[in-house]
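Here the structure comes first, spelled out in structure tokens, and everything after it is commentary.
Throughout, protein chains are lettered first and strands after them, A, B, ... in sequence-line order, and every chain is numbered starting at 1.
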Amino acid sequence: MVRYLVTSALPYANGPIHFGHLVGAYLPADVYARTLRMQGEEVLLVCGTDEHGVAITIGAEREQQPYAEYVAHWRTKIKASFDLFGIEFDVWSGTSISPFHVELSQEFFTRLDERGYLIQREIEQLHCPRCVRFLADRYVEGTCPHCGYEAARGDECPRCAKWLDPLAMLHPRCKVCGSTPTRKQTRHWYLDLPRLRDDKIGAWASGHEWKPNVAKFVANQLAEIEPRPITRDMQWGVPVPAARAGEQQGKVLYVWFDAPIGYISFTREWAKAQGRPQAWKDWWQSPDTRLVHFIGKDNIPFHCIVFPAMLHGVGQQYVLPWQVPATEFYNLEGKKFSTSAGWTIPPEEFAAQFDVESGRFYLLASMPETADSDFRWDEFQRTHNSLLADVIGNLATRVLRFQDKHYAGRIPALEPSYEAELDRVLLTECGSFADPAAHVREFRFRRAAEQLIENARVANVFVDRLAPWALQKTNPAKAASVLATCCEWLAYLAQWMAPFMPAKAQSLWSMLGLEGLVAGQGWPTLPVPGRYRRQLSGRKLGPVSALFPKLDDASIAAAIDRLKQATRS
RNA sequence: GGCGGUGUAGCUCAGUGGUUAGAGCGGCGGCUUCAUAAGCCGCAUGUCGGGGGUUCAAGUCCCUCCACCGCUACCA
């Protein structure tokens, strides 16, 4: 049986996440997993923080915190943001605490080395004597040798936009402490990507059916692939296995190497917690698995080439990715999200002011699927008010309040002689409806969101055409049948909504007087005349309230104001 | 510089080479009163960024130019 092993890019435990992260790799993964689960698929959604690397050591030192404490703080904080937005992982961990991570990462290193996929190179790097560490390009500042610009970055000159070799930079200084770095020889292991490409991964990657926005990247990367260093001179990380290190002491695996292995370590952690320690193999080493990586486009080379090369290189029948639905970038009001500059929307702040379910819907409806896109406050308000509140929310209240008033809060009886006519009108004459899940399976979340609204409109047209308020005076039995039919549709709507807005879907489900969890009902097949009703007549409605209270202009203006304030300070 | 993306109605966008290019929002007009001043129906607006080419046929394929954006890997 097919299994869906779904991963969301491991967030780096070095700061808070914002909407750009949510919409890129986490929300779509959550919706995808929820949808497939309702359809009866076996799904595992894996995530956790990426906690190694030099940026984290610098961050922790700045905060004067031990590394472990620093990453634990962000691990918890980031998880809290996901919880607020109803993003539910089956396992959540971190690369510095996951019990299998060190062992597994070292095993990858050892096996790749044994199988001839690692090479060693001697290189010269800048080393800061005061910080006592080698400086990554981005931590070097100096004068550009091309144009003389004095605050050039180690990797690129912002003025003349030329590539820089930090070793060639004039007057280099450590970006952290300002000291003048020295040149130092060091020896590192490199992953022999050209060889892995020629062995198998190249053919696999170029033959694989990627999403269109992924395919070009992959083709390009394959052509210019080079060996990549996978070790670093530092303490914070997974130590290079002692048996392999030889005289090269004090090195750890480079963070990009161990991070994706986290997907596997975390799965093992999950398996153990299930009491079936070997179960992780069913997911990672079974040909029945469909491995889906949700990532932002910056991660494409890793997930489409480098990590597959590693998985293949160890020769243990690991599955390779089935789909990598990479998103483009999400901006805020036309500019890049920037936590440090205050150009951001902290998830907690949003959740305190607005409806997170409505936020989920808007994010998905504006997701950068094929091109970069924007979070815009006025669009959020419009989506909330004219789609969610007016089309879905108002549909529920117009139908349910009518029944509260005239049918004592019960769903009235369906008169069998009207069933065929009402089915025909609802299902063939009130507009088109379709299964949102079909779009979700194709990673078309925007379209799925549109479809959800489209499906709700059908019932609004139905109500207008049949006008039960008028029928009530002339043909009460038919009026009752119309309302009963509307309730049937609302139940469908609740199910269709469930992956996008789980809590709202549940509220609607309860208003209809239905028991249990809507997410536990399975996914409905599309309504077909004569065979779609669950016979809700007679059921006592739950308390009816507005699903989506309108958002007024003032609260949106206030949010925009906060954004501007934060930028100024 | 290299690579990639985007450019379609006032706004946000959809559009497997094939009828008069579509949707939502916004605008205007009408209907309705069950409902969250909600709903429904109808109307309007396009040099499909410019130019060239291939084709019986181009928003769609090719070339070129323009504009905006992103990436450019020992950051993760």
Carboxylate-amine/guanidinium contact [X] [Y], below 4.0 Å:
X: A:R398; Y: A:D464; answer: yes
X: A:R376; Y: A:D378; answer: yes
X: A:E454; Y: A:R447; answer: no

No-hydrogen, no-angle side-chain donor-acceptor test under 3.5 Å, A:K251 and A:T186: yes
Do A:T231 and A:H188 pair up side chain to side chain, a donor and an acceptor below 3.5 Å, judged on atom types alone? yes
Quick one: which of [options] gets closest to the side chain of [X]?
X: A:Y190; options: B:A38, B:A76, B:C74; answer: B:C74
X: A:W256; options: B:A76, B:G70, B:C74; answer: B:A76
X: A:R446; options: B:U6, B:C74, B:C13; answer: B:C13
X: A:Q125; options: B:C74, B:U6, B:C25; answer: B:C74
X: A:K336; options: B:C34, B:C74, B:G70; answer: B:G70
X: A:K405; options: B:A73, B:A35, B:C74; answer: B:A35
X: A:K297; options: B:A38, B:G70, B:A76; answer: B:G70
X: A:R447; options: B:A14, B:C25, B:U12; answer: B:A14
X: A:R398; options: B:C13, B:A35, B:C69; answer: B:A35
X: A:V255; options: B:G70, B:A76, B:C40; answer: B:A76

Run the ring-centre check on A:F354 versus A:F380 and record whether the distance is less than 6.0 Å. yes
When A:Q221 and A:F402 are each assigned the nearest nucleotide of RNA chain B, the 5'-most assignment goes to A:F402
Position toward the 5' end of RNA chain B (nearest nucleotide), A:V391 or A:D298: A:V391
With [atom1] as the reference atom in both, quote the distance from [N] to [M] in angstrom, rounded to an integer.
N: B:A23; M: B:A14; atom1: C1'; answer: 7 Å
N: B:A57; M: B:G42; atom1: C1'; answer: 33 Å
N: B:G5; M: B:C41; atom1: C1'; answer: 40 Å
N: B:C69; M: B:U64; atom1: P; answer: 23 Å
N: B:C61; M: B:C43; atom1: P; answer: 32 Å

Under 4.0 Å between any heavy atoms, over every strand shown, what does [X] touch: base, sugar-phosphate, or nothing? Just pick one.
X: A:R121; answer: nothing
X: A:R465; answer: nothing
X: A:T383; answer: nothing
X: A:G53; answer: sugar-phosphate
X: A:P468; answer: nothing
X: A:F302; answer: base
X: A:V54; answer: sugar-phosphate
X: A:L10; answer: nothing

Please work out whether the ring planes of A:H208 and A:W210 are parallel, tilted or perpendicular, with thresholds of 30° and 60°. tilted
Counting just side-chain N and O atoms, does [X] come under 4.0 Å of either OP1 or OP2 of [N]?
X: A:T370; N: B:A14; result: yes
X: A:R444; N: B:G15; result: yes
X: A:Y139; N: B:C74; result: no

B:C34 base stacked by A:W469? Criteria: ring centres under 5.5 Å, plane angle under 30°. yes
Using only modelled atom types and a 3.5 angstrom limit, is any donor from either the side chain of A:D464 or the base of B:G39 paired with an acceptor on the other? yes
Does a distance-only test, which skips hydrogens and angles, find a donor-acceptor pair under 3.5 Å between the side chain of A:N394 and the base of B:A38? no
Axial cation check for A:Y117 ring with A:R195, 6.0 Å and 45° limits: yes
Stems involving RNA chain B: give each as a range paired with a range, ordered by first number, where a stem means at least three consecutive Watson-Crick or G-U wobble pairs under 3.5 Å. B:1-7 with B:66-72, B:10-13 with B:22-25, B:27-31 with B:39-43, B:49-53 with B:61-65
A:I56: which of A:N14, A:T49, A:D50 passes side-chain contact (heavy atoms from CB on, under 4.5 Å): A:N14
